[in-house]
Amino acid sequence: MSLDRWTDEPKRQLIEFGDESDWDGVYRMIQCKRALAPSGLPEMDYNLNPYGGCEHGCVYCYAPEVTHTDWKEWRVVKVKSNIVERLAKELPGLSGTIGIGTVTDPYQAAERRFRLTRACLEFLEDKGHPIHLHTKSDLVLRDIDLLRGFEGQVAVTLTGTDDRVSKITEPGAPLPEARFRALRELTEAGINTYALIAPILGHLEGHEREFCDRILETGVKRAALDPLNMRPQMAVRLERMNIRGSSEALLKIRRMLSDGGVEVRDVF
Ligand code: SF4
């Protein structure tokens, strides 16, 4: 991996983090002002995001719009190197569920190198806060030992079974097979896990049976369905790529999973 893609400013700090062999992105080291933000999301009291931006680069991502980040900047990952220190200062006196990865994936490739999500979990381990963690990455399996000790739930996001579609719509994310495996192994490990099917795109039409069978094979007992939440910038991008949501697929998936004994709910 060439260092040429690194910007000058973080180069020294990145090298201090060790071997760059498992790095495949553009990282920027930052000091965050706050670790925890009040959450407006269901079942979460606080948001905790060890990274800003996301290497997965999903074309349907609305987080840049929610966080007022330029889309071109979104895949430049901001590594909040002081996040555990901030967390230690802010946590005393707070109670409630901590949402981890509410606007970015806490197990994107950066985590393999910087391990901030793991460091946050290690810090939170004996503090008694339930967690609600979202990821698209099988890297979450690395932390099964820690996750076992938490109350709460872990969501693995699934969007389909087709590698080609995944490579176009979520180019930096682990492929479907890795995510099904993550869902299965978390479930088998006894971690309270659910399948987050989000967003439900038109390419799933005609493939709902195959998709649901793969989900059922994992043994997961709960699923949440999320239609495509269109936002202005995203709408322009998706229209150009001829990508749309599918309420038809959503209805079929809901029925097939329910028939398979999975408890299904809608996210919105
Ligand atoms: S994994 Fe989530 S946060 Fe990351 S780019 Fe995809 S939709 Fe956005």
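All values below were derived from every heavy atom in this structure, side-chain atoms included, with hydrogens, water molecules and symmetry-related copies excluded.
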Is a side-chain N or O of [X] found less than 3.5 angstrom from the main chain of [Y], in a donor-acceptor match?
X      : Y      : answer
Lys78  : Val76  : yes
Ser166 : Asp162 : no
Glu65  : Met234 : yes
Arg179 : Thr157 : yes
Asp226 : Pro199 : no
Asn192 : Gly152 : yes

Matching residue for Asn49 among Thr102, Asp105, Thr67 - test: side chain to side chain donor-acceptor pair (under 3.5 Å):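 For Asn49, the side chain to side chain donor-acceptor pair (under 3.5 Å) test succeeds with only one of Thr102, Asp105, Thr67, which is Thr102.
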
Using side chain to side chain contact (heavy atoms under 4.5 Å, CB included), reason through Ile83 and Leu48 one step at a time and then give a plain yes or no. CA-CA 9 Å; Ile83 191 138; Leu48 176 66; 3.9 Å; yes

Using the test side-chain hydrogen bond (donor to acceptor under 3.5 Å, both in side chains), find all partners of [X] that sit at least two apart in sequence or belong to another chain.
X      : answer
Arg142 : Glu111
Thr218 : none
Thr159 : Glu170
Arg244 : Glu205

Sorted by chain and number, sequence neighbours left out, side-chain contact (heavy atoms from CB on, under 4.5 Å) with Ser95 holds for none

For Asp70, all residues meeting side-chain contact (heavy atoms from CB on, under 4.5 Å), sequence neighbours excluded: Lys72, Glu73

For residues 232-242, pull every pair meeting side chain to side chain donor-acceptor pair (under 3.5 Å), keeping only residues two or more places apart or in separate chains. none

Within the structure provided, determine whether [X] and [Y] are in side-chain contact (heavy-atom separation under 4.5 Å).
X      : Y      : result
Cys32  : Asn82  : yes
Pro106 : Tyr51  : no
Thr135 : Thr117 : no

Residue pairs fulfilling salt bridge (Lys or Arg N to Asp or Glu O under 4.0 Å) with at least one residue in residues 148-159, sequence neighbours excluded: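 Matches after skipping sequence neighbours: none remain.
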
Any salt bridge (Lys or Arg N to Asp or Glu O under 4.0 Å) involving residues 119-132? Give me the pairs, sequence neighbours left out, ordered by first then second residue. Arg118-Glu122

Are Leu204 and Val264 in one and the same hydrophobic cluster, where Ile, Leu, Val, Met, Phe, Trp and Tyr link if side-chain heavy atoms are under 4.5 Å apart?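 Yes: a chain of side-chain contacts under 4.5 Å links Leu204 to Val264.
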
Ile98, Val103: one ILVMFWY side-chain cluster at the under-4.5 Å cut-off?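 Ile98 and Val103: separate clusters.
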
Pairs involving residues 116-175, ordered by first then second residue, that meet ring-ring contact (aromatic ring centres under 6.0 Å, His included) (sequence neighbours left out): His132-His134, His132-Tyr194

Give every residue pair that meets the ring-ring contact (aromatic ring centres under 6.0 Å, His included) criterion with at least one member in residues 200-239, sequence neighbours excluded.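 Pairs touching residues 200-239 that pass the test: none.
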
Verdict with supporting geometry, Cys61 and Trp71, side chain to side chain contact (heavy atoms under 4.5 Å, CB included): CA-CA 9 Å; Cys61 183; Trp71 170 250; 4.2 Å; yes

Just to verify, what does Arg255 make a salt bridge (charged side-chain N to carboxylate O under 4.0 Å, His left out) with, not counting sequence neighbours? none

